[in-house]
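One structure is given here, and the rest of the page talks about it.
Letters go in sequence order (proteins before strands), and every chain restarts at 1. Side chains are part of it too, since the values below use all heavy atoms of this structure and drop only hydrogens, waters and symmetry mates.
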Amino acid sequence: MEYNFREIEQKWQDWWKENKVYQVSNVSDKPKYYVLDMFPYPSGVGLHVGHPLGYVASDIFARYKRLKGFNVLHPMGYDAFGLPAEQYAIEHGIHPAISTQNNINNYRAQLDKIGFCYDWDREVKTCEPNYYKWTQWIFLQLFHSFFNRQKQKAESIETLIKIFEEEGNVHHVCPGDATIEFEKDEWKSYTDEYQQEVLMHYRLAFCGYGEVNWCEALGTVLANDEVVNGVSERGGHPVVKKKLRQWYLRITEYADRLLEGLKTVDFSDAMKEMQTNWIGKSTGAEIKFDIKNSKFELHVYTTRPDTIFGVDFMVIAPEHELVNGITTPEQKQAVENYITYVKSRSDRERQAEKKITGCFTGAYAINPFNKKQIPVWISEYVLAGYGTGAIMAVPCGDERDFKFAKHFNIPITNIIGDYFNGEEANATKEAKLSNSDFLNGIVMKDAIDIVVNKLVALGIGKKKINYKMRDAAFSRQRYWGEPFPIKWKNKIAIPLNENELPLLLPKVDAYSPGPEGEGPLANIPEWVAKELETNTMPGYAGSSWYFLRYMDPHNNETFCDRKVSDYWNQVDVYIGGTEHAVGHLLYSRMWTKALYDLGFIGYDEPFKKLLNQGMITGNSAFINMMGFNLIKKNQIDKPYIHTEDELKKIAELNNKYQIIHNTFLSYDLMDSIRTTYSKPETEEEIKHDLLRENVLNYLIKPIVDDIKKEGLLEKVIIGFPNYYKIHIPIEYVNINDEVDTERLEKENPKFKDAIFISSDGKTIKCFREVEKMSKSKLNVVNPNDVINKYGSDTFRMYEMFLGPVEQSKPWDTKGIEGVHRFLKKLWRLFFDELKGKVWNEEKATAEELKVLHKAIKKIEEDTERFSFNTAVSAFMVCVNELADLKCNKREVLEPLLIMLVPYAPHITEELWKALGNTKSILDAAYPTFNPAYLVESSKDYPVSINGKLRTNINIALYATQEQVEQIVLNNEVVKKWIEDKPVKKLIFVKNKMVNVVI
RNA sequence: GCCCAUAUGGCGGAAUUGGUAGACGCGCCAGACUCAAAAUCUGGUUCUCGCAAGGGAGUGAAGGUUCGAUUCCUUUUGUGGGCACCA
């Protein structure tokens with residue numbers, strides 16, 4: 001009986017489906033466990049081998065927990081709204097709903113092949129009305145809420161209105177606009193319109209204005225990754241910033257809670273650090289500066305008020321509201337030019353730019369303490385969104401300010417004495433201040449509070465806590481997203497009633513953007529007639545709460561019954577990529593906190609533990625191409641004036657030969673071509689040079705012919721070769737990096753009639769590089785192909801065996817044979833090809849039980865700590881050892897099978913049934929480790945002399961330090977190394993090692 | 001530019017708390033079985049000097065702490081991810 005994985009896997013997948021073995025109930029006596037994957041966006045390309053890495057890991061863990069007696073919730077669904085589907089619709093005229101469903105079907109077929117234990121009855125798709133109804137509903141809850149800073153929690157906006165009626169907003173500073181202040185009578189006197197405007201500044205979901213990437217030529221707003229080097233990726237049109245009405249979530253109000261919550265969750269330190277940095281809480285001061293000869297005041301946020309006397313200039317963001325008002329007439333033109341430049345730049349470009357740019361506004365701020373006049377500049381490195389959009393620049397203490405000052409010749413004041421060397425800034429807090437008026441002689445870190453207190457006393461500043469995090473932009477000018485349940489009447493946002501939900505996304509035939517940067521919904525007359533909001537929600541709306549819907553996916557009364565969410569509680573393990581570190585993971589944490597505050601769920605952190613899976617990168621294949629540039633002769637020696645006609649011809653030829661199209665060079669040739677010997681001596685070198693010459697002559701000949709034909713013989717020369725590499729599809733490359741050129745030419749139009757040059761006239765070699773797996777890089781590996789060849793059990797185990805789940809690693813099919821061989825070897829412990837059944841009912845020996853229990857210990861520990869790669873190798877060790885012992889005993893094999901279920905569910909179910917079990921192995925009890933089988937009486941101690949390993953000595957485990965010393969020092973090898981030198985110390989660590997120090 | 005991660009044989013990786021560097025697998029070499037191949041099995045495989053016994057070097061680089069460092073600290077280089085409208 002052979003291991004026929006194709007038959008086995010299909011059989012059990014069908015059986016599991018028929019018997020609904022993965023259906024999970026919300027009612028159970030068992031303890032609950034919730035294992036969640038980050039659900040995928042169903043792209044048109046389908047899954048590649050990188051996607052299932054996390055899914056296999058979570059599947060193993062879910063199955064493991066089930067064997068351990070838990071009621072395990074392990075669902076899957078689709079994050080189905082998104083930009084790519086809409087772009088596809090624009091290009092191909094297929095409705096996103098249809099292409100998305102097609103993609104989902106494709107994903108599902110792929111996922112099913114891998115044998116996951118998802119309860120598919122709980123599947124959610126964010127683009128379905130019965131799902132997004134509740135996304136809209138939660139949005140309304142956020143809209144109807146504000147964040148009560150005194151209680152540090154969200155509350156109903158009705159509560160706030162009551163407060164306003166009773167005491168105005170004196171105890172509730174307006175988070176959207178701190179300048180709004182009113183008493184109760186004032187509130188009552190406000191028009192309804194103004195009251196609503198004020199409330200909008202408090203709501204957790206609110207409307208405001210924000211900048212977007214606007215592409216006039218495409219008439220649309222572009223995502224950041226659709227903008228490359230300041231122009232649109234499609235078409236290369238200019239992109240500028242444009243202010244549009246946008247919805248936001250007031251996530252900044254939750255900044256402190258989000259920080260606090262990190263202490264209660266089990267995320268990696270790196271993840272916590274990333275989120276902490278993203279929130280970017282800092283303590284400092286806001287300082288008011290008067291502007292000379294002007295009514296304006298400049299507010300600056302700084303974390304270093306102690307450096308106030310070192311301020312040599314101010315930099316404000318080019319889009320700062322004061323720029324217009326304070327710029328002097330002389331500087332107006334220069335400032336306008338500079339702003340035009342900045343408008344074309346993305347925030348990221350602005351921060352990454354090394355070139356120092358800026359423009360003086362002509363205005364001067366006045367240092368409130370010494371009345372010094374400080375020039376006010378604008379520069380792209382100051383962003384409007386951070387702090388007050390203005391900084392006080394202290395060149396002696398900040399590198400960026402220092403370089404700016406040097407570049408524009410602004411005199412630098414040194415306030416830190418010897419700490420500043422004039423060559424580079426020093427951000428120390430330890431220096432004693434000088435040139436600092438009343439702060440002279442005070443250590444900087446102590447001066448901070450002194451300055452703040454003085455600022456407060458003088459009424460020109462205050463202590464301030466600042467966050468780098470901004471409120472989350474929550475609207476898109478797109479079609480394929482959740483419509484907002486909002487109507488606009490007289491510029492007032494009117495929420496729909498709950499009974500009007502879901503507000504269905506209307507069917508459309510065209511997806512082009514609406515007028516004035518509005519979304520496609522603005523093109524639908526009925527939609528506009530109803531005065532409905534034309535923006536839609538962003539991709540992360542649906543994903544911010546989906547883990548709750550899985551618990552109660554068919555509920556039509558509420559998003560998730562409170563009793564059910566109380567039972568399942570938090571997600572116990574959440575597995576997904578780090579790329580979501582500061583997006584999805586912060587948003588879903590915020591939504592959870594808001595839902596908790598409003599009493600809809602019983603916990604305020606969604607994910608108890610987070611495991612980050614690494615990427616599986618592709619192993620791209622490249623082939624070389626070459627080309628030559630023609631160099632006009634006058635660039636080299638004597639001046640020669642080319643005629644117009646000649647110049648045109650040269651340009652044409654250059655165009656033709658810069659890359660010699662359709663001619664590809666084997667990789668092993670490239671080394672030869674790139675090296676030359678000035679004096680070839682050995683036979684090899686002569687051969688090498690000959691080969692090189694042949695290739696080059698071959699390539700150059702047609703160029704020379706063309707040069708002659710065009711009559712340019714004396715007028716140009718051929719320059720050094722250019723080298724290029726291009727991707728070739730990896731399916732045409734074998735394990736030895738040899739290209740199947742015949743098939744490639746036949747099947748791939750890009751390589752039709754291609755010429756391949758090799759060193760031996762036969763083999764064309766390519767070279768490999770590790771890159772992200774993507775369609776454009778022609779390096780995608782489809783899991784189905786692997787499964788067809790080796791089966792899903794092999795695939796699952798190999799994905800794990802590749803390395804730690806958290807780490808990125810390249811996909812390489814080479815090693816998969818080893819895992820497959822392991823499963824075959826396991827099979828042979830049960831069945832022999834010729835003899836058939838070989839397993840038996842004999843009693844296991846102590847040695848065999850030791851092998852088994854060693855494996856139980858190791859595999860259980862490794863699975864618990866998500867070290868699946870080492871668990872796989874422990875299985876291999878165990879099977880190797882059992883094979884060596886010729887152990888075919890049920891007593892040993894059965895527990896081994898149960899342990900293997902999470903990793904290879906199909907083969908284990910088959911063998912389990914073959915052993916005569918009638919019930920599924922999925923609910924078997926996990927074997928219990930018994931340490932008694934592993935007890936040892938002695939150990940081979942490694943013995944080092946001065947830290948260098950010299951020998952091993954077997955010593956009883958109960959030996960005392962004195963006994964060990966005696967044994968070790970009398971050992972021949974040890975004696976030899978000690979010679980006659982005195983032993984300074986002998987280090988003995990029980991059960992570990994011995995080190996003799998001489 | 002800023003934040004985070006990461007670097008170990010020909011390759012993927014192991015070494016869980018500072019204690020035998022290279023488990024396990026791939027690949028490669030040699031052998032067995034076979035008419036032959038596949039499959040399977042046995043042995044070897046970090047580099048280097050040496051016939052061998054046995055030395056020496058070695059975890060991106062440079063320093064440091066320690067009896068002992070892949071592991072901790074400082075500096076530095078390469079690579080990958082994120083940076084607010086890809087998901």
Side-chain angles (χ1 to χ4, degrees), chain A residues 38-43 79 81-84 87 210 212-213 221-227 246 268-271 273-274 276-278 280 347-354 381 385 400 468-478 538-540 543 577-584 586 612 614-615 617 735 770-772 798 801-804 806-819 821-822 824-825 828 833 861-862 865 867 869-870 872-877 880 883 940-949 951-952 984-987 989 991-998:
Chain A
M38 286 187 189
F39 63 171
Y41 173 80
S43 84
D79 188 12
F81 276 130
L83 200 55
Q87 195 52 41
V212 294
N213 299 313
V221 176
L222 296 177
N224 279 335
D225 64 323
E226 293 179 299
V227 184
Q246 303 280 4
S268 69
D269 288 343
M271 175 62 61
E273 212 171 322
M274 275 191 266
T276 304
N277 291 338
W278 180 263
D347 280 6
R348 192 150 351 138
E349 283 172 324
R350 285 171 58 173
Q351 288 170 78
E353 183 60 66
K354 282 183 188 165
Y381 79 89
R400 197 131 207 191
K468 201 151 74 194
M469 181 168 67
R470 306 198 288 267
D471 282 327
F474 194 67
S475 52
R476 304 290 182 260
Q477 291 68 48
R478 301 283 178 183
Y540 64 83
S543 62
T578 41
E579 66 271 23
H580 299 286
V582 290
H584 161 63
L586 274 176
N612 291 117
M615 258 197 339
T617 44
I735 230 164
V770 171
E771 290 183 300
K772 202 166 165 169
Y798 184 56
F801 189 59
L802 273 176
E806 306 92 317
Q807 251 170 52
S808 302
K809 55 234 153 201
W811 176 262
D812 189 345
T813 329
K814 276 179 196 163
I816 200 167
E817 296 278 353
V819 173
R821 256 173 234 158
F822 156 76
K824 285 200 276 191
K825 199 163 178 179
R828 284 199 304 273
E833 245 178 275
E861 281 174 7
D862 285 355
R865 67 185 176 104
S867 178
N869 56 328
T870 52
V872 173
S873 71
F875 279 117
M876 289 174 170
V877 170
N880 286 346
D940 249 352
Y941 278 92
V943 178
S944 305
I945 316 289
N946 281 346
K948 268 193 188 296
L949 179 73
T951 187
N952 282 292
K984 281 188 199 147
K985 210 195 301 186
L986 188 141
I987 290 148
V989 184
N991 215 357
K992 291 273 189 211
M993 44 63 71
V994 178
N995 188 17
V996 184
V997 186
I998 54 173

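Side-chain proximity of Arg470(A) to the nucleotides A15(B), A39(B), A84(B) is greatest for A84(B). Each of G19(B), G12(B), A87(B) was ranked by its minimum atom distance to the side chain of Ile987(A); first place goes to G19(B). Distance from the side chain of Asp812(A) is smallest to C11(B) among G81(B), G1(B), C11(B).
You'll find the side chain of Glu226(A) stays beyond 4.5 Å of the side chain of Asn213(A), heavy atoms only. Contact check for Val943(A) versus Leu949(A): no side-chain heavy atoms found under the 4.5 Å cut-off. Counting heavy atoms from C-beta on, the side chains of Met469(A) and Trp278(A) come closer than 4.5 Å.
Base pairing annotation: G1(B) forms a Watson-Crick or G-U wobble pair with C83(B), both donor-acceptor distances under 3.5 Å. Pairing for U74(B) goes to A62(B), judged as Watson-Crick or G-U wobble with the two contacts each under 3.5 Å. With a cut-off of 3.5 Å on both pairing distances, A23(B) has no Watson-Crick or G-U wobble partner at all. G31(B) is paired with C41(B) under the Watson-Crick or G-U wobble criterion, all donor-acceptor distances under 3.5 Å.
With both ends at atom P, the span from U16(B) to A23(B) equals 15 Å, rounded to whole Å. Comparing the same atom, C1', in G68(B) and in G1(B) gives a spacing of 41 Å after rounding to whole Å. For the C1' atoms, the distance from G22(B) to G10(B) is 14 Å, rounded to whole Å. Using atom P as the reference point in both G80(B) and G12(B), the two lie 15 Å apart (nearest Å).
Taking side-chain N and O atoms only, Arg828(A) has a distance below 4.0 Å to OP1 or OP2 of C41(B). OP1 or OP2 of C85(B) lies within a sub-4.0 Å distance of a side-chain N or O belonging to Arg476(A). Residue Lys948(A) places at least one side-chain N or O under 4.0 Å from the OP1 or OP2 atom of A57(B). Side-chain N/O atoms of Arg348(A) include none lying less than 4.0 angstrom from OP1 or OP2 on C2(B).
Mapping Asn995(A) and Gln351(A) onto RNA chain B via the closest heavy atom, the residue that lands nearer the 5' end is Gln351(A).
Residue contacts shown for Pro804(A) are limited to sugar-phosphate atoms, with no base heavy atom under 4.0 Å away. Within 4.0 Å of Ser475(A), counting heavy atoms only, lies at least one base atom of the nucleic acid. The residue Gln246(A) sits close to a base: some heavy atom pair falls under 4.0 Å. In this structure, Ala270(A) reaches the sugar-phosphate backbone alone: every heavy-atom distance under 4.0 Å involves primed, P, OP1 or OP2 atoms, never a base. Within 4.0 Å (heavy atoms only), Gly82(A) reaches sugar-phosphate atoms of the nucleic acid but no base atom.
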- For nucleotides 20-30 of chain B, 5' to 3', base contacts (B), sugar-phosphate-only contacts (S) and non-contacts (-) with protein non-hydrogen atoms under 4.0 Å give B--BBSSS---
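Residues Thr578(A) and Asn612(A) have side chains that never bring a donor and an acceptor to within less than 3.5 angstrom of each other.
One finds the NZ atom of Lys985(A) at 9.5 Å from the CG atom of Asn995(A) (value rounded to the nearest 0.5 Å).
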